[in-house]
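Working notes for the structure below.
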Amino acid sequence: MNLRFVKLCVGGLMFVMTPLYAQEKSANVQKLEALRYQRQLHLSTTFVGSIDLARHSDNPAARIFGEPPSVAPAEDIRLTHLCGARWGWYADFRVKYYVSKLEHSDFLEGFVSAISPLSYFHIGYSVGGVYRWEGTRWQCYPRVGIGQNFYGYNRKKESDGELRLESDGKTFCMDVGIMTQYRLTPLFAITFDVLYRQPLTSAESYLLLETETGMQPYSYRSSTLGRELNVGIGINFCFSLKKK
């Protein structure tokens, strides 16, 4: 008797809740459809695997910059303003987390450690334009931007007895990326992001090292420092700017 009563209650609850759920789902889809190509502000955070594509050298002066691991973790925070029916703009800030493989090895170990802290954080930023392809739940946002990134050490005429060095590890880069997202609600989406970064300027360093034969100068110039492919997943908060 009690079992029949429980089954009856569960059946009645499902009978009532099913149309309510379907109605709510339909209303949610209508809201998503109404947001397509409307003015919006997006704030996303992406957890990234950054794949190093740079060419690395055994030149002693190159070791001032160190060498990143083949894949390093990173985090990207991006603000996107979709101000037009098909276009928008973005600004992002990125942090890569790693210690370079060669930063504290060989003859540079004590010297580099003395003049600079460990490089756990390597930052970058960029701004650019975004194009919009928007379905009801699936949306796609290709983007192109220009930014600056910081790698290795930036030092001018540092010296310590047997060593002298100059280095400039900041580079201007072009970013080409695409973010695809699935809109769970009008406010929230999960994202998949791919970004290719190409340096536009070269990193340079100069090292004067005392050897058995006297002071030996080394110079290094890299047009690939900072070239990388980034793949990540994240979340996106989407705020409608449509007038009600």
Side-chain angles (χ1 to χ4, degrees), residues 40-57 59 61-62 64-98 100-101 119-134 139-155 166-181 191-205 219-236:
Q40 297 179 49
L41 191 67
H42 292 182
L43 180 61
S44 64
T45 180
T46 307
F47 302 96
V48 179
S50 181
I51 304 170
D52 179 42
L53 302 177
R55 294 191 303 268
H56 298 286
S57 171
N59 184 330
I64 297 170
F65 298 124
E67 181 180 341
S70 56
V71 180
E75 184 176 1
D76 183 273
I77 299 174
R78 185 181 311 122
L79 179 68
T80 303
H81 183 202
L82 302 174
C83 50
R86 287 289 182 175
W87 296 94
W89 62 270
Y90 80 90
D92 74 354
F93 177 79
R94 177 172 301 229
V95 182
K96 294 171 64 177
Y97 306 97
Y98 67 87
S100 295
K101 295 177 183 177
S119 294
Y120 288 112
F121 308 106
H122 304 260
I123 66 172
Y125 59 86
S126 66
V127 295
V130 179
Y131 187 74
R132 308 173 66 173
W133 279 315
E134 296 183 346
Q139 284 111 40
C140 186
Y141 300 107
R143 67 187 185 276
V144 177
I146 299 293
Q148 192 172 34
N149 298 277
F150 299 86
Y151 301 92
Y153 300 110
N154 298 294
R155 291 288 182 242
E166 295 182 41
S167 65
D168 185 357
K170 62 180 182 295
T171 60
F172 283 94
C173 297
M174 179 177 68
D175 289 359
V176 180
I178 183 169
M179 184 182 79
T180 301
Q181 70 176 17
T191 66
F192 176 74
D193 191 90
V194 178
L195 170 70
Y196 174 75
R197 176 164 288 153
Q198 174 60 44
L200 300 177
T201 58
S202 298
E204 300 179 7
S205 62
S219 61
Y220 175 70
R221 181 184 178 93
S222 172
S223 61
T224 68
L225 184 68
R227 181 184 294 169
E228 58 192 45
L229 178 67
N230 299 273
V231 180
I233 57 175
I235 57 176
N236 191 18

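Source: prediction; values computed, not measured.
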Do the side chains of [Y] and [X] get nearer than 4.5 Å, heavy atoms only?
X    : Y    : result
Y98  : D52  : no
W89  : V127 : no
F192 : V231 : yes
T224 : L53  : no
V48  : D193 : no
C140 : I178 : yes
S202 : S222 : no

- Could you go step by step and tell me if T171 and N149 meet the side-chain hydrogen bond (donor to acceptor under 3.5 Å, both in side chains) rule? CA-CA 5 Å; T171 60; N149 298 277; 4.9 Å; no
Starting at [atom1] of [X], measure out to [atom2] of [Y] and round the result to the nearest 0.5 Å.
X    : Y    : atom1 : atom2 : result
Y220 : L225 : OH    : CG    : 6.5 Å
R227 : Y196 : CZ    : OH    : 4.5 Å
R94  : H122 : CZ    : NE2   : 14.0 Å
C173 : Q198 : SG    : CD    : 7.5 Å
S50  : R197 : OG    : CZ    : 7.5 Å
L195 : N230 : CG    : CG    : 5.0 Å

- Message: Are more than 12 heavy atoms, taken from residues, nucleotides or ligands other than I233, located less than 6.0 Å from that residue's CD1 atom?
- Response: no
- Query: Is R132 reaching over with its side chain to a backbone N or O of G84, donor-acceptor style, under 3.5 angstrom?
  - Reply: yes
- H42 side chain vs N236 backbone, donor-acceptor pair below 3.5 Å: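 The answer is no, because no donor-acceptor pair under 3.5 Å joins these two groups.
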- Query: Looking at W133 versus Y141, is the centre-to-centre ring distance below 6.0 Å?
  - Reply: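 Judged by ring-centre distance (under 6.0 Å), W133 and Y141 do not meet the cut-off.
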- Do you know the tightest heavy-atom contact between M179 and R143? N-NH1, 3.9 Å
- What's the shortest heavy-atom distance between G226 and P199, and which atoms? C-CG, 3.9 Å
- Item | R55 vs S223, side chain to side chain contact (heavy atoms under 4.5 Å, CB included): CA-CA, chis, key distance, verdict | CA-CA 9 Å; R55 294 191 303 268; S223 61; 4.0 Å; yes
- Item | Pair S126, D92: side-chain N/O donor-acceptor within cut-off below 3.5 Å |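 Checked: S126/D92 side chains pair up, N/O donor to acceptor below 3.5 Å.
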